[in-house]
S.K.: 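Please read through the structure below; I'll follow up with questions.
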Amino acid sequence: MNIVTRRQFLATSAVMAAVPLVALTGREALAADAPRLDPDDAQAKALAYVHQSGKAGQNCANCRLYTGTSQVDWGPCAIFPGKQVAGAGWCSAWVGKS
Ligand code: SF4
């Protein structure tokens, strides 16, 4: 019969609790390292993406598809995986946050 000591239990619990935190932090680090979307990229052009929105009240930072935080100027977008878009940017796929 295996008897788990209190020390083993606490050590295992600490590791298990840290795994999601490391995974989340790693994902955010990867997103922050992603290259910035080039407006001349074919898909960006197809959606009329620009780094600076010309639409009043519409920008990437307030788009439902933007997954960046308001604390940074660039962040990921569901439309352009593996790239960062400008928080101040815009494209024709813009959808307001509800
Ligand atoms: Fe910006 Fe367009 Fe992505 Fe919305 S869908 S975050 S407007 S690039």
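Whatever order the structure lists them in is the order used to number ligands and atoms, beginning at 1.
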S.K.: Could you list the atoms of ligand 1 found under 4.0 angstrom from a heavy atom of Ile79?
M.R.: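 Ligand 1 atoms under the 4.0 Å threshold to Ile79: 5 (S).
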S.K.: Could you list which atoms of ligand 1 come closer than 4.0 Å to a heavy atom of Leu65?
M.R.: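 With Leu65 as reference, the close atoms of ligand 1 come out as 5 (S).
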S.K.: Would you mind checking which non-hydrogen protein atom is closest to atom 4 (Fe) of ligand 1, with the distance to 0.1 Å?
M.R.: Cys63 SG, 2.3 Å
S.K.: Nearest protein heavy-atom contact for atom 7 (S) of ligand 1: which residue, which atom, what distance?
M.R.: Cys91 N, 3.4 Å
S.K.: Look at atom 3 (Fe) of ligand 1 and say which protein heavy atom is nearest, naming residue and atom and giving the distance to 0.1 Å.
M.R.: Cys77 SG, 2.3 Å
S.K.: Does the side chain of Gln43 come within less than 4.5 Å of Leu37's, by heavy atoms?
M.R.: no
S.K.: Kindly say whether Leu47 contributes a backbone atom to a donor-acceptor pair with the side chain of Ser92 at under 3.5 angstrom?
M.R.: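 Pair found, side chain donor or acceptor close to backbone of Leu47.
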S.K.: Would you indicate whether the side-chain heavy atoms of Val50 and Pro39 approach each other to under 4.5 Å?
M.R.: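 No, their side chains stay 4.5 Å or more apart.
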S.K.: Measure the shortest side-chain to side-chain distance between His51 and Trp74 over non-hydrogen atoms and say whether it is less than 4.5 angstrom.
M.R.: yes
S.K.: Tell me, do Gln58 and Cys63 make a side-chain contact under 4.5 Å, heavy atoms counted?
M.R.: no
S.K.: Give me the nearest non-hydrogen protein atom to atom 1 (Fe) of ligand 1 as residue plus atom name, then the distance to 0.1 Å.
M.R.: Cys60 SG, 2.3 Å
S.K.: Measure from the side-chain N and O atoms of Trp94 to the backbone N and O of Cys60, and report whether any donor-acceptor pair falls under 3.5 Å.
M.R.: no
S.K.: Using a 4.0 Å cut-off to any heavy atom of Trp94, which atoms of ligand 1 qualify?
M.R.: 7 (S)
S.K.: In ligand 1, which numbered atoms sit nearer than 4.0 Å to a non-hydrogen atom of Phe80?
M.R.: 8 (S)
